[in-house]
Amino acid sequence: MKRNIVIAVVTAAALVGGGTATALAVSGDDDDASTSVTRTDDDRDDRDDDRSDDDGDDRSDDDGDRAAAPGDVTAADAIAAALKHTPGTAVSAELDDAAWEVDVLGKGDTWHSVRIDPDTGKVLGSSEDDEDDAAEVRAALKGASVTAEEAAKAAAAKGTVVSVDLDDDGDDRGWQAETRASGGDERDWDVALTTASVTADRDDD
């Protein structure tokens, strides 16, 4: 007598925890015990949910907050580090893209842009460029006794300096600094080229 192989698919009549349970029974002859395997979709869904929760947005939020905040290296520190790497005259320093970018006027008309890590003070890189305003910058600094580094230190009394730049236009030549208060408010200041006196920028209303 031929042995019959019966494959029966039994669908559970009830949903277990919101998932579907499927039983697969395979039997040989009448004397063999049948074997059933039951798998619930809920187990797989729970694991997927756990992985989604573990991959939350906490890291991205922390990185965003960190990138927006100045590090331990001040503007004056960044200028000093840039000049040590690239001798010349520092003309500006700005905290940009989570790094200090310091512009240094070298020999002749050669400009150097030096990037400084705001946490360690190490040089991240530098590049050269030839600009046509070197003569104007040298003329504006003629007779000046206050450097960009000193201007940054003077302006630091007003808040955290996030940029310092040389204003070489008109009769009111001098250093311009931008500070950020602990609450996030930003202010502009003028720093005299000869006395390092700090006054509020008249255009910063």
Side-chain angles (χ1 to χ4, degrees), residues 66-205:
R66 175 64 191 87
D72 297 329
V73 177
T74 66
D77 294 335
I79 293 171
L83 291 177
K84 184 177 180 180
H85 178 269
T86 305
T89 302
V91 177
S92 69
E94 181 179 7
L95 188 62
D96 182 40
D97 292 336
W100 285 105
E101 184 170 337
V102 182
D103 289 333
V104 178
L105 177 58
K107 295 181 179 179
D109 295 339
T110 303
W111 287 92
H112 303 268
S113 180
V114 186
R115 292 180 61 81
I116 304 296
D117 190 300
D119 292 321
T120 65
K122 294 182 178 180
V123 176
L124 300 175
S126 63
S127 59
E128 292 185 9
D129 193 9
D130 290 332
E131 298 289 346
D132 57 1
D133 59 346
E136 289 83 351
V137 169
R138 295 188 190 281
L141 290 175
K142 186 177 181 179
S145 57
V146 178
T147 65
E149 181 180 353
E150 293 168 339
K153 289 180 179 179
K158 304 297 185 179
T160 301
V161 178
V162 293
S163 72
V164 59
D165 189 20
L166 176 66
D167 181 6
D168 58 357
D169 294 332
D171 297 330
D172 296 330
R173 296 177 179 179
W175 297 107
Q176 287 187 333
E178 183 179 357
T179 61
R180 181 183 302 163
S182 57
D185 294 335
E186 296 181 350
R187 294 288 306 274
D188 293 329
W189 307 90
D190 295 328
V191 183
L193 289 173
T194 55
T195 64
S197 61
V198 181
T199 57
D201 186 76
R202 288 176 297 181
D203 295 332
D204 185 24
D205 296 330

Below 3.5 Å, can you tabulate the donor-acceptor pairs from side chains in residues 101-109 to any protein atom, sequence neighbours excluded?
{"unit_1": "Glu101", "atom_1": "OE2", "unit_2": "Ser113", "atom_2": "OG", "d": "3.0"}
{"unit_1": "Asp103", "atom_1": "OD2", "unit_2": "Ser92", "atom_2": "OG", "d": "3.0"}

Please report the interatomic distance CD(Glu150) to CG(Leu193), rounded to the nearest 0.5 Å. 11.0 Å
Does any non-hydrogen side-chain atom of Asp201 lie less than 4.5 Å from one of Gln176? yes
Show the numbers, then the answer: is there a side chain to side chain contact (heavy atoms under 4.5 Å, CB included) between Asp190 and Val198? CA-CA 6 Å; Asp190 295 328; Val198 181; over 6 Å; no
May I ask you to test the Val73-Asp117 pair for a side-chain heavy-atom distance under 4.5 Å? no
Return the NZ to CD1 distance between Lys122 and Ile116, rounded to the nearest 0.5 Å. 12.0 Å
Where do Trp100 and Ser163 come nearest, in terms of heavy atoms and distance? CZ3-N, 4.5 Å
Restricting to side chain to side chain contact (heavy atoms under 4.5 Å, CB included), what partner residues turn up for Ser145, sequence neighbours left out? Thr194
How long is the gap from CG on Asp97 to CG on Leu124, to the nearest 0.5 Å? 11.5 Å
Give the table of side-chain donor-acceptor pairs shorter than 3.5 Å for residues 78-90, with sequence neighbours excluded, one pair per line with atom names and distance.
none

Distance col, row Asp188:CG vs Thr179:OG1, nearest 0.5 angstrom, shows 7.5 Å
Minimum heavy-atom separation for Ala177 and Ala155, please, with both atom names. CB-CB, 3.6 Å
Quick one: CZ on Arg115 to CG on Asp96, what's the gap to the nearest 0.5 Å? 6.5 Å
Kindly indicate whether the side chain of Ser126, heavy atoms from C-beta on, has any atom under 4.5 Å from the side chain of His112. no
Qualifying residues under side chain to side chain contact (heavy atoms under 4.5 Å, CB included), relative to Ala76, sequence neighbours excluded: Thr74, Glu149, Ala152, Lys153
Contacts of Ala140 that satisfy side chain to side chain contact (heavy atoms under 4.5 Å, CB included) - sequence neighbours left out: Leu166, Asp168, Arg173
How close do Asp167 and Asp169 get, heavy atom to heavy atom, and via which atoms? OD1-N, 3.2 Å
Could you list the residues that satisfy side chain to side chain contact (heavy atoms under 4.5 Å, CB included) with Ala151, not counting sequence neighbours? Val146, Val164, Trp175, Val191
